[in-house]
Asker: 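A single structure is presented below for examination.
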Amino acid sequence: MAESKAITPRAVDFSAWYNDLIMRAELADYSPVRGCMVIRPNGYAIWEQMQQALDRMFKDTGHQNAYFPLFIPQSFLAKEAQHVEGFAPETAVVTHGGGKELEEPLVVRPTSETIIYAMYAKWIQSYRDLPVLINQWANVVRWELRTRLFLRTTEFLWQEGHTAHATEAEAEAETLLILNLYRTFMEEWMAMPVITGPKTDSERFAGALRTYGCEALMQDNKALQAGTSHNLGQNFAKAFDVQFQTAEGGLDYVWSTSWGVSTRLVGGLIMTHGDDKGMVCPPRLAQWQVVIIPIWRTDEERAQVVEAAESMMKELRGAGIRTTTDKREIKPGAKYYEWESRGTPFRLELGPRDLAQQSVMLARRLGGKEAVPMAGLAARLLQEMTAMQQAMLDAARARRDAATLRNPKSKEEFIAFLEGNGGFVFAGFCGDPAVEAEIKARTKATIRCLPDPEFRSPEAPTTCIWTGRPATVEAVWARAY
RNA sequence: CGGGGCGUGGCGCAGUCCGGUAGCGCGUCCGCUUUGGGAGCGGAAGGUCCCGGGUUCAAAUCCCGGCGCCCCGACCA
């Protein structure tokens with residue numbers, strides 16, 4: 001019986017653990033449609049917290065939200081050669097509407113560049129119209145062959161920013177601004193450390209000049225691309241004829257960017273912090289940061305304890321702490337397991353004994369349980385939340401660093417690491433795409449990014465780990481989701 | 001698209017080889033006793049056995065043909 005309720009341990013089968021956890025915590029469920037998932041309230045609440053934090057950050061940096069249609073004329077996709085090549089194989093296409101065949105099929109957006117640039121062409125005439133800084137929260141559809149809850153589903157939710165600028169430098173600055181914004185969000189809200197840097201050509205967004213990414217390492221030592229920011233150059237501007245009159249009186253194409261993060265982040269959160277008891281949610285993203293569990297035997301006790309719980313909840317909410325009370329008629333132990341599996345950061349157990357002592361039992365999701373006085377409880381919890389948020393980031397960073405190999409001595413060590421427990425490998429690379437492909441074929445590892453300066457090794461590698469030729473860059477390899 | 005597995009109450013499965021009354025666990029509902037780490041006992045509800053065809057007195061079971069899902073590989077936020 002206990003076994004049927006248990007989550008498969010990570011060490012036994014990481015994939016099974018991941019699926020079990022999502023089902024137990026009721027984050028999502030499979031839908032009747034192949035490859036699509038239903039995001040349940042517990043999972044959606046996390047996404048909403050993410051949305052709120054990111055949306056604030058976007059707005060604080062001058063961006064505005066807008067909404068563009070779900071359907072894109074099929075011909076639009078074809079206007080940018082690389083873009084159509086990249087996305088056409090995985091689009092869903094609507095051929096009929098209202099019982100009639102459409103004159104032109106409509107693609108369900110896999111991403112919105114094309115329809116957005118068609119509009120920008122109308123809206124932008126002068127350098128005075130620039131920059132355009134727009135974001136949209138939307139769903140997109142990509143007909144993936146293999147899907148996994150949150151990580152890769154046929155339909156997913158995301159935000160996509162699309163900006164247009166007067167100069168290449170401005171576009172590059174915007175691309176990096178967002179990359180850094182994503183990094184801040186991932187580290188400070190998700191407590192998920194990332195490595196940032198440009199992608200190689202093989203991993204570049206279809207139609208972009210350059211793609212930058214945030215790469216996180218999951219507990220099974222596989223990398224997760226958590227977010228990308230693209231400098232599109234003038235590629236889409238030229239394809240959609242988005243021109244403007246410059247301050248100097250000339251005519252130029254706009255320089256543009258696009259960037260996005262998706263509900264995949266929820267999967268990243270799970271695989272970064274989850275344990276064998278279930279989800280562990282960082283306080284800043286938790287739907288409920290604190291759950292109060294009233295404990296009683298008699299109806300009389302129940303009345304007293306519930307009343308105390310409600311006044312405690314009111315006080316904590318007043319202090320800005322997202323608090324709920326679980327008053328259901330089931331045994332307290334059952335509630336503990338349930339809230340733990342959902343990752344709720346703190347649990348307050350409140351029974352007659354506690355009332356008598358004017359204290360409450362504080363149980364942390366990361367471990368540890370102690371009686372704390374009711375007086376000053378809110379301040380104490382605020383402290384606890386800050387500490388937990390930091391502890392989670394520190395722990396995740398320590399795990400990642402422990403699974404990172406820098407400057408392997410030989411090609412053999414490089415291969416053995418990737419084929420063993422895996423993780424990030426920092427090593428020299430000659431820059432040859434054929435070598436990159438060969439490494440992928442041999443090890444299943446790809447270059448996650450060319451790390452930004454702060455992530456690079458103290459001593460720059462001098463030779464390519466694969467060919468022994470002079471290294472042009474340091475690269476980070478890993479097997480990835 | 002190649003390889004493997006599986007479709008039986010809400011969920012997980014047994015039963016299929018060898019045809020003969022539809023079964024178990026969990027969950028759900030009701031009652032009583034419980035309640036500080038997943039409660040116990042008693043009672044109850046709930047099934048076109050994936051679909052279609054065939055063989056047979058009789059099919060979850062045998063035969064033929066479909067469909068769907070999951071896992072492993074090539075593409076991907």
Side-chain angles (χ1 to χ4, degrees), chain A residues 1-7 13 15-16 19-20 23-24 26 29-36 85-91 109-112 138-160 182 199 202-206 208 211 213-216 223-230 258-268 277-278 293-299 301-302 305 327-341 347-357 359-361 363 369 371 437 440-441 444 446 480-481:
Chain A
M1 180 182 76
E3 284 166 24
S4 67
K5 291 178 174 178
I7 296 172
D13 183 341
S15 292
N19 288 330
D20 285 356
M23 293 301 161
R24 270 296 303 286
E26 298 182 348
D29 203 350
Y30 295 100
S31 81
V33 182
R34 189 204 77 99
C36 293
E85 195 185 322
F87 284 105
E90 54 182 68
T91 52
R109 62 182 166 216
T111 178
S112 302
N139 58 338
V140 289
V141 167
R142 298 182 186 177
W143 218 259
E144 303 288 358
L145 299 177
R146 285 197 62 198
T147 58
R148 282 196 88 192
L149 294 173
F150 288 112
L151 299 178
R152 189 176 302 103
T153 46
T154 300
E155 178 190 11
F156 58 94
L157 306 183
W158 75 346
Q159 58 71 215
E160 46 180 326
Y182 283 159
K199 295 276 186 179
S202 69
E203 300 267 321
R204 201 181 57 213
F205 176 75
T211 288
C214 295
E215 293 290 325
L224 184 75
Q225 179 170 302
T228 46
S229 184
H230 316 291
S258 71
W259 27 275
V261 296
S262 72
T263 36
R264 166 179 273 195
L265 290 179
V266 178
K277 290 191 278 189
I293 311 287
I295 297 166
W296 66 82
R297 283 170 204 271
T298 63
D299 285 351
E301 284 179 350
R302 179 183 181 173
V305 162
K327 293 183 285 193
R328 289 175 301 168
E329 287 274 6
I330 56 176
K331 296 194 58 157
K335 296 180 184 177
Y336 300 165
Y337 280 98
E338 187 173 317
W339 289 98
E340 277 168 2
S341 77
R347 178 178 77 231
L348 297 175
E349 303 168 14
L350 185 62
R353 296 204 301 252
D354 309 286
L355 278 186
Q357 295 165 35
S359 71
V360 64
M361 289 303 294
K369 181 162 155 176
K440 184 180 178 184
K444 294 181 186 166
T446 50
Y481 275 99

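Lettering of chains follows the sequences in order, A, B, ..., and the numbering in each one begins at 1. Just the heavy atoms: all of them, side chains too, but no hydrogens, waters or symmetry mates, feed the values below. Note that the coordinates shown come from a computational prediction; the quantities given were computed from them, not determined experimentally.
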Asker: Separation of A:Glu26 atom CD from B:G27 atom C1', in whole Å?
Answerer: 12 Å
Asker: Does A:Tyr337 stack onto the base of B:G37, taking stacking as ring centres under 5.5 Å apart and planes under 30° apart?
Answerer: no
Asker: If B:C67 has a Watson-Crick or G-U wobble mate with both distances under 3.5 Å, name it; if not, just say none.
Answerer: B:G7
Asker: Partner of B:G2 by Watson-Crick or G-U wobble geometry, both contacts under 3.5 Å, or none?
Answerer: B:C72
Asker: Between B:A77, B:A39, B:G37, which nucleotide has the shortest distance from any of its atoms to the side chain of A:Thr228?
Answerer: B:A77
Asker: Counting any heavy atom closer than 4.0 Å, what does A:Glu340 reach on the DNA or RNA strands: base, sugar-phosphate only, or nothing?
Answerer: base
Asker: Which is true for A:Thr153 with a 4.0 Å heavy-atom rule: it touches a base, it touches only sugar-phosphate, or it touches nothing?
Answerer: base
Asker: Just call it for A:Arg347: base, sugar-phosphate, or nothing, with non-hydrogen atoms closer than 4.0 Å on any strand.
Answerer: base
Asker: Sticking with atom C1', work out how far B:C62 lies from B:G19, rounded to a whole angstrom.
Answerer: 8 Å
Asker: With rounding to the nearest 0.5 Å, note down the distance linking OG1 in A:Thr91 to CH2 in A:Trp143.
Answerer: 10.0 Å
Asker: Could you let me know what B:C24 is paired to, Watson-Crick or G-U wobble, both distances under 3.5 Å, or none if it's on its own?
Answerer: B:G12
Asker: For B:U48 versus B:U8, give the span between their C1' atoms, rounded off to a whole number of Å.
Answerer: 12 Å
Asker: For A:Ser15, enumerate each residue passing the side chain to side chain donor-acceptor pair (under 3.5 Å) test, keeping only those at least two apart in sequence or located in another chain.
Answerer: A:Arg148
Asker: Taking the P atom of each, how far is B:C41 from B:G46, in whole Å?
Answerer: 24 Å
Asker: Does B:U35 have OP1 or OP2 sitting under 4.0 Å from an N or O in the side chain of A:Arg297?
Answerer: yes
Asker: So what does A:Lys369 hit on the nucleic acid, given a heavy-atom distance under 4.0 Å: a base, only sugar-phosphate, or nothing?
Answerer: base
Asker: Applying a 3.5 Å limit to both distances, which nucleotide forms a Watson-Crick or G-U wobble pair with B:G46?
Answerer: none
Asker: Taking only the P atom of each, what is the distance from B:G25 to B:G36 in whole angstrom?
Answerer: 26 Å
Asker: Quote, to the nearest angstrom, the P distance that separates B:A77 from B:G2.
Answerer: 26 Å
Asker: Toward the 5' end of RNA chain B, which comes first, A:Thr154 or A:Gly333, by nearest nucleotide?
Answerer: A:Gly333
Asker: Looking for any heavy atom pair under 4.0 Å, which part of the strands does A:Gly351 touch: base, sugar-phosphate only, or nothing?
Answerer: base
Asker: Any strand counts, and the cut-off is 3.5 Å on both contacts for Watson-Crick or G-U wobble. Which nucleotide pairs with B:A58?
Answerer: none
Asker: Just the rounded figure in Å: distance from P of B:A74 to NZ of A:Lys444.
Answerer: 6 Å
Asker: Is the shortest distance from a Lys or Arg side-chain nitrogen in A:Lys199 or A:Glu215 to a carboxylate oxygen in the other one below 4.0 Å?
Answerer: yes
Asker: Salt bridge check: are A:Glu329 and A:Arg302 linked by an N-O gap of less than 4.0 Å?
Answerer: yes
Asker: Report the residue (A:Asn19 or A:Leu350) whose heavy-atom-nearest nucleotide on RNA chain B is the more 5′ of the two.
Answerer: A:Leu350
Asker: A:Met23 has an atom CE; how far is it from atom P of B:G12, in whole Å?
Answerer: 10 Å
Asker: Return the value, rounded to whole Å, for the distance between atom CZ of A:Arg24 and atom P of B:G27.
Answerer: 12 Å
Asker: With heavy atoms under 4.0 Å as the rule, sort A:Gln225 into base, sugar-phosphate or nothing.
Answerer: sugar-phosphate
Asker: On a whole-Å scale, what distance lies between the C1' atoms belonging to B:C13 and B:G54?
Answerer: 30 Å
Asker: Classify A:Pro89 by what it touches in the nucleic acid, base, sugar-phosphate, or nothing, heavy-atom distance under 4.0 Å.
Answerer: nothing
Asker: Would you measure the distance from the P atom in B:U21 across to the matching atom in B:C29 and give it in whole Å?
Answerer: 33 Å
Asker: Please state how far atom CG in A:Asp299 lies from atom C1' in B:U35, giving the value in whole angstrom units.
Answerer: 12 Å
Asker: What integer distance in Å separates A:Tyr336:OH from B:G36:P?
Answerer: 7 Å
Asker: Whole-Å distance between B:A77 P and A:Arg109 CZ?
Answerer: 18 Å
Asker: Enter the distance from A:Arg24:CZ to A:Glu340:CD here, rounded to the nearest 0.5 Å.
Answerer: 10.0 Å
Asker: Within the 4.0 Å heavy-atom criterion, would you say A:Leu151 contacts the bases, only the backbone, or no part of the nucleic acid?
Answerer: base
Asker: Mind calculating the distance between NZ (A:Lys440) and C1' (B:C75) to the nearest angstrom?
Answerer: 8 Å
Asker: About how many Å separate CG of A:Leu350 and CD1 of A:Ile295, when rounded to the nearest 0.5 Å?
Answerer: 7.5 Å
Asker: Could you measure the distance from the CZ atom of A:Phe156 to the OG atom of A:Ser262? Nearest 0.5 Å is fine.
Answerer: 5.5 Å
Asker: Can you find a donor-acceptor N/O pair under 3.5 angstrom joining the side chain of A:Glu338 to the base of B:G37?
Answerer: no
Asker: Measuring from the side chain of A:Ala334 (C-beta onward, heavy atoms only), which nucleotide among B:U35, B:A77, B:G38 has the closest atom?
Answerer: B:G38
Asker: Decide, yes or no, whether a salt bridge links A:Glu203 with A:Lys440 under the criterion of side-chain N to carboxylate O below 4.0 Å.
Answerer: no
Asker: Is the distance from OP1 or OP2 of B:G37 to the nearest side-chain N or O of A:Lys331 less than 4.0 Å?
Answerer: no
Asker: Which nucleotide, if any, forms a Watson-Crick or G-U wobble pair with B:C32, using both distances under 3.5 Å?
Answerer: B:G40
Asker: On a whole-Å scale, what distance lies between the C1' atoms belonging to B:G9 and B:U28?
Answerer: 11 Å
